[in-house]
Amino acid sequence: MTRLKGAPEALAGAYDQALLDLDGVVYLLHEPIPEAAATIAALPGLDCEPVFVTNNASRSPATVADALRGMGVPAEDEQVLTSAQVVAEVLRKRLGEGAPVLVTGSEALGAAVEAEGLTTTKDPKAAQGIAYGMIPTVTWRDLADLTIAARGGAVWVATNLDATLPTPDGPLPGTGALAGAITAALGRGPDAVAGKPEPGIYQAAMERRPGGRPVMVGDRPDSDIEGANRAGIDSLLVFTGVASPRQALALPPEQRPTYLGWSLAALTEAHPEPVRNEAADRVECGGWTAAFDGGRISLSGRGAELDAWRALCESSWAAADTVGYDPTGAPVPVGDAAEELLAG
Ligand SMILES: [Mg+2]
């Protein structure tokens, strides 16, 4: 059962690898998130190495690292891990070096395939593997060739199945949406998916530091955090991207993080541990008490707001596990002081 843990000193000090999601954690679209650069600069002093983990396969690791450095974030090319690199690794392991691969996606995806010792082909009937990503210039012909190759037995590996990608115009069709078109034509989906929430990208990060102790930092419970849980590693959910504390109250077990933080800076902070009593109907954290009376959760005490959220989440999760998780996403009702906090 997922429970929030505590850290008596700076959280990153308890881990030797911090896997960092980018959009919503380090930057938002193209704007750096305050404190992110300073936090990442502080990680080596805590014996924790940053690894920038992204489902975006359209940019090479060098391009991503360059963009990060342009925002003042200290980043080495080798510290970037993209889903394109993981696709190439999966194909090389399945097919062996030199195998011909059809690339449907960016130049960066093609470069990752070649860097892994595979060859690229434009002939769908010659392809033994398919590296599939998404670029805005993808055409019907590209999807048709992918379908021909897959029907002919080529191993189809997708960078991710994100339904949408974030844009200034809001969420627009992403890799998963187009994969859905191919799936409809082919009658089946990809053979493997590299990116979050699949465990492949986490495993690839961990293979870079065997025996290490990683923590994943992300803003999406259904991607970053679920993937960390599936890979069996701890995670920090931050509220600088898509998730809010209120949404955290209603997370199903597979999407619950190990830690909560307002931002990436939570890596350099201590985390009070929420303490449940034996019946799990009272949770205490940092001066707050959340109590579940069988129908709703009430909050009392005082202290830092985040500690109240830690107590409320732990209480809400324990209550949902007791009364049954509501798949409509409604959290256990909270009362009085808690409602004020939610409203604030
Ligand atoms: Mg994100």
Side-chain angles (χ1 to χ4, degrees), residues 11-12 17-37 39-40 43 50-59 61 63-65 67-68 70-71 73 75 79-86 106 108 133-134 158-177 193-202 204-205 214-231 233-248 251-252 254-267:
L11 178 61
Q17 211 183 22
L19 313 183
L20 308 179
D21 175 50
L22 294 179
D23 203 13
V25 175
V26 179
Y27 53 75
L28 205 53
L29 286 178
H30 300 292
E31 288 298 312
I33 287 172
E35 300 181 336
T39 300
I40 293 162
L43 292 180
V51 180
F52 303 94
V53 176
T54 176
N55 271 10
N56 186 336
S58 67
R59 297 187 298 170
T63 307
V64 173
L68 288 169
M71 294 178 185
V73 174
Q79 290 173 330
V80 176
L81 183 62
T82 72
S83 60
Q85 292 170 283
V86 180
S106 64
M134 218 283 293
T159 53
N160 66 78
L161 287 183
D162 297 347
T164 60
L165 52 95
T167 81
D169 296 319
L172 294 179
T175 315
V193 181
K196 304 167 283 184
E198 298 298 320
I201 199 162
Y202 302 83
V215 61
M216 173 73 201
V217 188
D219 67 313
R220 290 189 75 108
D222 62 355
S223 164
D224 304 314
I225 306 303
E226 182 172 341
N229 286 335
R230 286 167 67 174
I233 67 175
D234 289 348
S235 60
L236 163 65
L237 176 66
V238 294
F239 299 125
T240 44
V242 301
S244 68
R246 176 153 208 155
Q247 287 165 349
L251 291 176
E254 67 274 13
Q255 294 180 16
R256 293 174 193 162
T258 323
Y259 307 97
L260 301 177
W262 290 124
S263 75
L264 187 57
L267 276 180

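Both ligands and their constituent atoms are indexed starting at 1 by order of listing. Along the sequence shown, residues carry numbers from 1.
In this structure, OH on Y27 lies 13.0 Å from CG on L264, to the nearest 0.5 angstrom.
At least one N/O/S atom of D21, from backbone or side chain, sits under 2.8 Å from the Mg ion (ligand 1).
Side-chain N or O atoms of N229 include one that pairs as donor or acceptor with a backbone N or O of R256 at under 3.5 Å. The closest donor-acceptor contact from the side chain of Q247 to the backbone of S244 lies under 3.5 Å. Distance alone, capped at 3.5 Å, places no donor-acceptor pair between the T164 side chain and the P173 backbone.
Nearest N/O/S atom of D219 with respect to the Mg ion (ligand 1) is recorded as OD1. Here the N, O or S atom of D23 that is nearest to the Mg ion (ligand 1) is O.
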